[in-house]
Amino acid sequence: MESREPVVLKRAEHPISRRDIDPDALKVLYRLYRNGFKAYLVGGAVRDLLLGKRPKDFDVVTDARPGQVKKLFTNCMLIGRRFRLAHIRFKGGKIIEVATFRKEPDEECAENVSIDPNTSFGTSEQDAFRRDITINALFYDIADFSIIDYVGGLGDLNNGIVRMIGSPRDRYVEDPVRMWRVLRHAARLGFSIEEETSREIMLHRELLCSCSGARMFEELNKDIASGHIGSVLALFREYGMLPSLFGKIGSFLQEDSRAWNTLQPLLNVADEHARAGRPLPNASTLTIMFWPWAEQILQTGASDGEDKVKVLHDALFDSGMAITIPKAMKIGITQTACIVERMLFAMRSGRMKWSLKKRSRYADASVVFSVITTGRADKEKDPFSRIFREAHPEAKGHRKKRRPSRSRWRKQRQEKPAS
Ligand code: ATP
Ligand code: MG
């Protein structure tokens with residue numbers, strides 16, 4: 001690779017101030033720098049600071065080898081087998097990740113896992129080019145507070161463009177999760193996707209299914225936690241990727257526009273909660289996401305007398321998802337959806353089976369019910385009970401019978417005329 005001169009923005013030419021950087025990340029950067037190493041802030045932190053947003057995490061990259069990093073920090077742990085990373089721990093469980101500059105593995109290295117990891121270390125320039133999209137490959141240099149751009153990330157950030165670094169085709173083949181990351185960042189930031197970066201996703205979208213299901217579950221959780229699952233799924237749908245990721249559930253959401261249109265505002269509710277720092281449990285967000293599909297399975301797939309929980313359970317386990325949702329979570333989703341269905345029946349009929357309150361999933365179901373029917377999930381613990389009471393004040397059984405207190409009970413007995 002021929003070497004290129006990076007674009008460098010001096011301190012006066014960009015808005016990033018040290019005040020906006022996490023103090024522990026600053027400590028790490030300074031200690032590396034004062035010991036003679038290069039020390040850059042990199043990735044999402046630089047991108048978000050330039051956009052005036054609060055970064056989620058602060059990643060550091062350096063020319064110090066992992067062993068050298070470890071010697072500088074007592075609170076450091078080296079992780080990873082092939083690419084060793086340093087995790088520096090701070091109070092409250094905070095971790096600052098420090099990576100050594102790396103280059104894209106060449107073919108021989110990529111195929112041979114046992115190869116010496118030292119061969120994968122590189123220069124800062126090589127490290128920029130091995131990253132995913134241009135806006136994620138900017139460096140903030142603690143030596144002079146400048147921003148270093150090898151890949152055209154500053155221009156793309158200004159123009160609102162998500163662009164894969166290098167040949168999108170090759171980069172997707174190498175790691176298909178990069179397609180997910182392109183769509184994630186476009187959805188989160190409201191950026192457009194550069195033409196070739198976009199076209200190659202259409203051509204290679206099936207490759208995602210070859211990735212580890214557990215890794216994709218992690219990616220899914222990141223989008224739920226960041227409060228952007230609605231917009232990410234909308235882009236998956238635009239790119240026709242729902243069926244391969246979510247099997248039959250995805251096909252249903254891909255093809256049935258009505259179901260999809262009903263779902264979108266519901267996902268917005270979950271997203272708003274996550275962004276406000278009051279996230280719904282991930283399993284509840286997934287139950288909301290699967291609800292349009294689950295509802296039609298419960299309505300059409302389960303005949304009278306059949307155990308609905310079993311029907312939905314089997315349908316979910318046979319849905320052919322490429323994403324591995326843990327078994328316990330799938331069971332939880334099934335149980336929650338079945339209680340929600342019972343709640344909807346209660347609203348129509350005025351009859352509720354209150355013994356369901358004893359089920360462990362009742363509280364989750366009550367919140368999911370509220371999102372589905374009212375488009376809201378307030379702080380209330382059991383919105384279903386209130387909504388049901390308001391709709392059916394005449395219905396019996398939803399008020400707890402007050403057990404007389406011991407003193408009241410004694411008093412009542414004393415007052416009773418002797419017979
Ligand atoms: P977030 O705000 O979600 O943390 P991020 O861009 O920081 O966004 P991370 O998952 O924290 O995302 O990754 C940190 C950096 O590592 C990215 O900015 C990118 O430069 C690089 N990176 C992550 N995943 C890949 C990948 N699959 N291929 C190449 N580079 C990657
Ligand atoms: Mg990050």
Side-chain angles (χ1 to χ4, degrees), residues 16 20-22 24-25 28 40-62 79-80 82-83 85-88 94-105 110 120 122 124-140 147-154 156-157 162-191 197 200-201 204 207-208 210-212 214-229 231-232 271 274-275:
I16 297 184
D20 304 324
I21 300 175
D22 180 281
D24 292 323
V28 172
Y40 299 161
L41 201 60
V42 68
V46 183
R47 178 198 69 219
D48 289 345
L49 287 172
L50 284 172
L51 289 171
K53 296 178 174 221
R54 245 175 85 107
K56 183 169 66 65
D57 43 33
F58 289 83
D59 294 333
V60 170
V61 71
T62 176
I79 61 150
R82 193 148 167 238
F83 301 117
L85 293 171
H87 272 184
I88 314 216
K94 189 199 296 172
I95 288 175
I96 304 292
E97 191 173 283
V98 181
T100 305
F101 293 137
R102 234 157 66 190
K103 61 183 176 200
E104 194 74 277
S120 66
S124 59
E125 180 182 0
Q126 286 169 325
D127 190 84
F129 278 95
R130 65 109 187 150
R131 291 179 183 272
D132 53 354
I133 54 178
T134 59
I135 57 171
N136 281 351
L138 299 166
F139 298 130
Y140 170 87
I147 305 248
I148 305 171
D149 177 13
Y150 285 99
V151 294
L154 285 166
D156 286 339
L157 206 56
V162 173
R163 184 194 309 267
M164 182 54 55
I165 296 170
S167 147
R169 181 187 160 278
D170 296 350
R171 306 296 313 282
Y172 296 153
V173 171
E174 198 176 67
D175 180 7
V177 169
R178 289 177 184 146
M179 292 186 266
W180 189 315
R181 294 182 58 87
V182 165
L183 300 182
R184 162 182 304 150
H185 289 295
R188 268 196 208 173
L189 302 171
F191 278 20
T197 305
E200 293 294 330
I201 294 182
H204 295 94
L207 285 180
L208 252 182
S210 63
C211 293
S212 130
R215 184 173 174 206
M216 286 196 281
F217 179 62
E218 264 179 44
E219 299 297 325
L220 182 68
N221 283 330
K222 282 186 202 166
D223 289 325
I224 293 176
S226 74
H228 291 91
I229 189 64
S231 50
V232 171
D271 277 338
R275 290 204 295 269

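Below, all heavy atoms of this structure are taken into account, side chains as well, without hydrogens, waters or symmetry copies. Counting starts at 1 for both ligands and their atoms, in listed order.
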For [atom], grab the closest protein heavy atom and report residue, atom and distance to one decimal in Å.
atom	answer
atom 22 (N) of ligand 1	R181 NH2, 3.9 Å
atom 27 (N) of ligand 1	D175 OD2, 2.9 Å
atom 6 (O) of ligand 1	R47 NH1, 2.9 Å
atom 16 (O) of ligand 1	R131 NH1, 3.5 Å

[X], portion touching ligand 1 at heavy-atom distance under 4.0 Å:
X	answer
M179	neither
D57	side chain
D132	both

Residue [X] vicinity, atoms of ligand 1 by number, heavy atom under 4.0 Å:
X	answer
R178	26 (C), 27 (N), 28 (N), 29 (C)
H185	6 (O), 8 (O)
R188	1 (P), 2 (O), 3 (O)
R130	29 (C), 30 (N)

Checklist entry - Which atom names give the shortest non-hydrogen contact between L154 and L50, and what distance separates them? => result CD2-CD1, 3.9 Å

When you compare the side chain of [Y] with that of [X], does any pair of heavy atoms fall below 4.5 Å?
X	Y	result
W180	M216	yes
I229	L220	yes
F58	D24	no

Next on the checklist: Please confirm whether D59 approaches ligand 1 to less than 4.0 Å, judged on its heavy atoms.
Outcome noted: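 Right, D59 reaches ligand 1.
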
Item to check | 4.0 Å heavy-atom contact, R184 with ligand 1 | outcome: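 Contact absent.
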
Checklist entry - Once you round to the nearest 0.5 Å, how far does CG of D20 lie from CG of L49? => result 6.0 Å

Next on the checklist: Parallel, tilted or perpendicular, judged at 30° and 60°: which one describes the rings of Y150 and F139?
Outcome noted: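 Plane angle over 60°, so perpendicular.
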
Checklist entry - Taking atom CZ of R275 as the centre, does the number of heavy atoms from other residues, nucleotides or ligands within less than 6.0 Å exceed 12? => result yes

Checklist entry - Is any NZ, NE, NH1 or NH2 atom of the basic residue among R171 and E200 found under 4.0 Å from an Asp or Glu carboxylate oxygen of the other? => result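 Salt bridge: no.
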
Next on the checklist: If we check ring-ring contact (aromatic ring centres under 6.0 Å, His included) with F101, which of these qualifies: F83, Y40, F129?
Outcome noted: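 Only match with F101 under ring-ring contact (aromatic ring centres under 6.0 Å, His included): Y40.
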
Item to check | Check: G43 main-chain N/O paired with N136 side-chain donor or acceptor under 3.5 Å | outcome: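 Between the backbone of G43 and the side chain of N136 there is no qualifying donor-acceptor contact (under 3.5 Å).
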
Next on the checklist: Only N/O/S atoms count here: what is the atom of D57 closest to the Mg ion (ligand 2) called?
Outcome noted: OD1

Checklist entry - Strictly under 2.8 Å, is any N, O or S atom of D59 next to the Mg ion (ligand 2)? => result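 Coordinating: no.
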
Next on the checklist: With respect to G43, determine whether any N or O atom, backbone or side chain, lies less than 3.5 Å from an N or O atom of ligand 1.
Outcome noted: no

